[in-house]
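Taking it in order: structure first as structure tokens, then the write-up.
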Amino acid sequence: MSKITSLHVVWLRNDLRSYDNAALHHATAAANDEQNSAVLALFIATPKTWQRHDMAPIRQDLLRRRVLQMQTELASRNIALMALEASSYSDCAKIFSKLADAGMVALYGQTEYELREQQRDKEITQQLQRADITVNWYDRLCIMPPGTILTQSGDTYKVFTPFKRNWLSRLHEQEIRCYSKPKASVLVDVKQLMQQLGVKEMADGDGCSADWPVAEQQVLDKLRGFCQQQVADYNDKRDFPAVKGTSRLSAYLACGVLSAQQCVNRLQMEAGPALEREKSGASVWLSELIWREFYKHILLAYPDLIKHKPFQAETAAIRWRQNKTLFKAWCEGNTGYPIVDAAMRQLNDTGWMHNRLRMITASFLVKDLQIDWRWGEQYFMSKLIDGEFAANNGGWQWAASTGTDAAPYFRIFNPVTQSERFDPEGDFIRRFVPEIAHVQGKEIHWPHKKSTPSGYCPAIVDHDEARKITLAMFTEVKKSDG
DNA sequence: TAGTGGTTTTG
DNA sequence: AAAACCACT
């Protein structure tokens, strides 16, 4: 075989899949078109940057496991995946200059919307273009890319429902296309290339995400299974944490084993007509995918969000309580509110939390403990296997009433009412708060009525009182703003 | 035609 | 209360 003289490099980040991967697809097509040309997929682990972004250890481990799995999957398609270990994003530049010397002719990748990531990509782009290397970015993180869904006056939507209406009308105008799995003709010898470049191989993770399978086919089967068997009941079951009513695909969307395009494509295939029915399981699940895009669009349009500025400027003046003791109790699931404690322990024990519980615990931290939503935002990121800036920040600001969407009511959840409504039998609470598992019947939602069961913590705050304090805090900043 | 004001909608 | 739409200019 003749010597490889040109490399088409695919930089994988949060698009760790071989199906429907635009970058991989185009790089392979280009390489197959040329003589002595090969595709090289590249992943660079950057634990220092990950840590600075509070990326949960379980999410880091999932990334590493997925990359190793993908290495095998891609090799069978004649595509080598070089998995490297660096420290932070600034080290990526050195790797690319070495690749440029080794015959790299083009770079392919999927765009990302966070500030540091955009800076990183901009710098690498400039560096490579100076060396006459073609750089191709594909904006496929969303089905409808930011900038394509605007109000009639050309503004970014700040309210979900009109955004969704617009988004859906676009969906009806077009067919969602997914790229096929690429196949190259020449396989690069990665071991040799790594030696030649003098770069460090990616380290293994600690395996803490082992409960989450990483084989691409297995994940696609999960998606298909969900769309065939569960999505029909999604609207009826999704709010009950004791029931497996949600897709549990968020972690795979976050690291891109699945694309949103694949999700909607599969949903249309399996649930077709139901999608046209309002409140059908299929259309409600689609709404959740649209929420994901809504927050990504918002993030790109309001870059201050990445600096943790509140969307509603006047709420920056709120003086949140800096109480480490109360915060710790919330983190550890020792608030004395069973549904809150069960939820936080689910997060701590499994790296994942049911969406209904994310709203309940967020509301509790902000509206019952008056603690800065940013503390909660950061804690969630540091624990969640599916933590992504846009959705996490959007969700927290929604719960904190500092974000988009100006509803005329004030959003304070009553944790006991929420518990009664969404964990009616207390099954979920008993699973995660064993010290009150023996409490019979509806008392499980509020076991303090007679006296707090031994081994369980008393309530750290009185909800009705806390509610009044919070309302006053918001009234204060609203009136000083005029 | 882009700006306005009045009306409807809002996770 | 604020956003978005819509009709009118």
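Everything numeric in this text was worked out from a predicted model, so none of it was measured.
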Q.
From CG of A/D155 over to C1' of C/dC6, roughly how many Å is that when rounded to an integer?
A. 15 Å
Q. Nearest-Å distance, CG (A/D405) to C1' (C/dA1)?
A. 11 Å
Mind listing the side-chain donor-acceptor pairs of residues 380-391 of chain A below 3.5 Å, one per line with the distance, residues two or more places apart or on another chain?
from, atom 1, to, atom 2, distance (Å)
A/S382, OG, A/Y379, O, 2.8
A/D386, OD1, A/R358, NH1, 3.2
A/D386, OD2, A/S250, OG, 2.6
A/D386, OD2, A/R358, NH2, 2.8
A/E388, OE2, A/K296, NZ, 3.1

Q | Euclidean distance, atom CZ of residue A/F163 to atom C1' of C/dA2 [Å, nearest integer] | A | 19 Å
Q. Side-chain donor-acceptor pair under 3.5 Å between A/D20 and A/Q262, yes or no?
A. no
Interface polar pairs with nucleotides 2-4 of chain B, N/O, under 3.5 angstrom:
none

Q. C/dA2 P sits how many Å from A/F311 CZ, rounded?
A. 13 Å
Q | Side-chain N or O of A/Y157 closer than 4.0 Å to phosphate OP1/OP2 of C/dC5 | A | yes
(Q) What is the distance, to the nearest angstrom, from the NZ atom on A/K164 to the P atom on C/dA4? (A) 16 Å
Q) Can you name the residues that form a salt bridge (Lys or Arg N to Asp or Glu O under 4.0 Å) with A/E420, not counting sequence neighbours? A) none
Q) Of all residues at least two apart in sequence or in a different chain, which pass the salt bridge (Lys or Arg N to Asp or Glu O under 4.0 Å) check with A/R65? A) none
**Q.** Secondary-structure stems, DNA chain C, at least 3 Watson-Crick or G-U base pairs under 3.5 Å
**A.** B:2-10 with C:1-9
Q | Partners meeting ring pair (Phe, Tyr, Trp, His ring centres under 6.0 Å) with A/H297 (sequence neighbours left out) | A | A/F163
Q: Take the protein atom CG of A/N166 and the nucleotide atom P of C/dA3, then report the distance between them rounded to whole Å.
A: 18 Å
Q) What's the closest nucleotide to the A/K158 side chain, out of B/dT9, C/dC5, C/dA3? A) C/dA3
Q.
Less than 4.0 angstrom between a side-chain N/O of A/R165 and OP1 or OP2 of B/dT10, yes or no?
A. yes
Q) Under 4.5 Å between any side-chain heavy atoms of A/L286 and A/W167, yes or no? A) yes
Q | Contacts of A/Y108 that satisfy ring pair (Phe, Tyr, Trp, His ring centres under 6.0 Å) - sequence neighbours left out | A | A/H8
**Q.** Whole-Å gap separating P (B/dT10) and CZ (A/R411)
**A.** 14 Å
Q: Using the test ring pair (Phe, Tyr, Trp, His ring centres under 6.0 Å), find all partners of A/F432 that sit at least two apart in sequence or belong to another chain.
A: A/F428
Q | For A/Y252, all residues meeting ring pair (Phe, Tyr, Trp, His ring centres under 6.0 Å), sequence neighbours excluded | A | none
Q) Quick one: A/F294 CZ to B/dT10 P, roughly how many Å, whole number? A) 13 Å
Q. C/dC6 phosphate, OP1 or OP2: any side-chain N/O from A/Q152 under 4.0 angstrom?
A. yes
